[in-house]
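Small disclaimer: the values here were computed from a predicted structure and weren't measured.
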Amino acid sequence: MSCDQGSTLPDPTMSLSDVNFSKLALEALERCRVLARFSEEPGRLTRTFLSPPMRAVHESLTDWMRGLGMAVRTDAVGNLIGHYPGHSPDAPLFLLGSHVDTVRDAGRYDGLLGVTLSLALVKALEGRRLPFAIEVIAFSEEEGVRFGMPFLGSKAVTGQFTPELLKLQDAQGQTVEEAIRAFGLEPAHIPQAAYNPAQVKGFLEFHIEQGPVLEALGYPLGLVEAIVGQSRLEVAFRGQAGHAGTTPMHLRKDALAGAAEWMVLVEREAREEQGLVATVGMITALPGAANVIPGEVQMSLDVRHPYDEVRSLAVANLVTRAQQVAQRRGLELDYRTLYEQAAVPCDPELNERLALSAQAQGYPVHRMVSGAGHDAMIMSALCPSTLLFLRSPGGLSHHPEESVWPQDAEAALRVGLDFLHRLAAEA
């Protein structure tokens, strides 16, 4: 049945038994496999903001969207958007989607599965119209890999993309503005990417959990009630480089030894605070020679907690610890905050509808907190937003062995379609 016929949806509380969810789930997973071929690096999946392989992803998604009767557009920051019309031209919007960029050496499901599952839900409607239109957004950037700043895609959609972001540079010195132009888009049109909040009913993102909790519980899905706040810092210890053979141990100012002492303190402090996680994920020792005492060490620090006040106190404490280490060892310390994101609660009303849908489809309702950032947290500034997790086998994510079980993708589709029916009934 074509959506051009404008047929109405049957009773929104009807049985979903006529939908082949197993087939739709396998198709969504297969599309993730197909799109994983489009990478910047041979032999592994790396696809950053507006890199050349993003064009191939856009082409494939555009074909799939148009095959579902969706109108397709690309906004000025590279978000690809498919529009599935509602009953009337002025129907409000309900948004679905996730991101299509990746980390380096990534798995194939982080972000992308949220897009392919959303398109599978549109396919499941079989051309039936709802009281609201659906837009599926494939966000161009969420991970922050290329320019060191995450959520460029959802920031544009929510009107939070500031002119300063255009000046950010990647490792090759290309700015965000130049990358946008190279992709054939116009940076001056970015303000037009922002949605009107009065027209948007809400946003739902499907995403793999990226952790081991659901698998340990034996649950296919998790209902996210909040997304933790996050602080990212750049920390540098500076000492004195010297000859590794001729400088006595008691006269050294070894920046790497100081950094190592502090990293152990980071782990110890984080373990003592319930719910706190702190990570030193990148470290560079300079000058980087086997026979030279490191004179400078540059590191990243990532701190997360569900409560912002706890996170802020933890960051301050870890900085104080770094200062104490530096003073004791005769080193200099520099640090700067790169990024701050407040903790974000998910919308309770959308979550209650999701819980009802999960129960109606025979799945347990497990409420949880997301330790990772997601586009849903940025979208909450625009409209009621929430996040539904799928189990991550082995707890793996940001890893080439990342996987998803077909039955869990099917569970997400069953709950998602029931959820859309409930929204339609209330409308």
Does [Y] offer a backbone N or O that forms a donor-acceptor pair with the side chain of [X] under 3.5 Å?
{"X": "S397", "Y": "Q210", "result": "no"}
{"X": "R47", "Y": "V100", "result": "yes"}
{"X": "T116", "Y": "A28", "result": "yes"}
{"X": "E141", "Y": "F49", "result": "no"}

Practice task
Give a yes or no on whether Q274 atom CD has more than 12 heavy-atom contacts from other residues, nucleotides or ligands under 6.0 Å away.
Solution key: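 Open: at most 12 neighbouring heavy atoms sit under 6.0 Å from CD of Q274.
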Problem - Within 6.0 Å of CD in E349, more than 12 heavy atoms from elsewhere - result: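 Count not over threshold, so no.
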Handout entry: Centroid-centroid under 6.0 Å between H374 and F389 rings
Key =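 Between F389 and H374, which both carry aromatic rings, the centre distance is below 6.0 Å.
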Separation of [Y] [atom2] from [X] [atom1] (nearest 0.5 Å):
{"X": "S312", "Y": "H305", "atom1": "OG", "atom2": "NE2", "result": "11.0 Å"}
{"X": "I137", "Y": "E205", "atom1": "CD1", "atom2": "CD", "result": "10.5 Å"}
{"X": "M70", "Y": "H83", "atom1": "CE", "atom2": "NE2", "result": "8.5 Å"}
{"X": "L130", "Y": "Y84", "atom1": "CG", "atom2": "OH", "result": "6.5 Å"}
{"X": "L331", "Y": "Q323", "atom1": "CG", "atom2": "CD", "result": "13.0 Å"}
{"X": "T386", "Y": "D347", "atom1": "OG1", "atom2": "CG", "result": "7.0 Å"}

Exercise for the section: Applying salt bridge (Lys or Arg N to Asp or Glu O under 4.0 Å), name anything that partners K253, two or more places apart in sequence or on another chain. Expected result: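 By the salt bridge (Lys or Arg N to Asp or Glu O under 4.0 Å) rule, K253 matches no residue at all.
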Handout entry: Pair T175, Q169: side-chain N/O donor-acceptor within cut-off below 3.5 Å
Key =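 No pair is found: no donor N or O on one side chain lies under 3.5 Å from an acceptor on the other.
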Problem - Cationic tip of R321 above W262 ring, under 6.0 Å, 45° of axis - result: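 Not flagged: R321 not positioned over aromatic ring of W262.
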Exercise for the section: With sequence neighbours excluded, tell me which residues meet ring-ring contact (aromatic ring centres under 6.0 Å, His included) with Y219. Expected result: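 Listed in chain order: H366.
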Exercise for the section: Tell me, please, which residues at least two apart from F183 pass ring-ring contact (aromatic ring centres under 6.0 Å, His included). Expected result: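 ring-ring contact (aromatic ring centres under 6.0 Å, His included) check on F183 returns H58.
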Practice task
Give the C-alpha distance, both sets of side-chain angles, the deciding distance and a yes or no for salt bridge (Lys or Arg N to Asp or Glu O under 4.0 Å) between R336 and E234.
Solution key: CA-CA 5 Å; R336 65 188 182 108; E234 183 179 79; 2.9 Å; yes
Practice task
Using the salt bridge (Lys or Arg N to Asp or Glu O under 4.0 Å) rule, take R181 and E177 through it: C-alpha gap first, then chi angles, then the decisive distance, then the call.
Solution key: CA-CA 6 Å; R181 293 190 188 281; E177 181 174 6; 3.3 Å; yes
Problem - Test salt bridge (Lys or Arg N to Asp or Glu O under 4.0 Å) applied to E30 and K23, step by step - result: CA-CA 10 Å; E30 172 62 14; K23 182 178 179 180; over 6 Å; no
Problem - salt bridge (Lys or Arg N to Asp or Glu O under 4.0 Å) evaluation trace for R146 with D170 - result: CA-CA 6 Å; R146 182 174 179 183; D170 64 13; 3.0 Å; yes
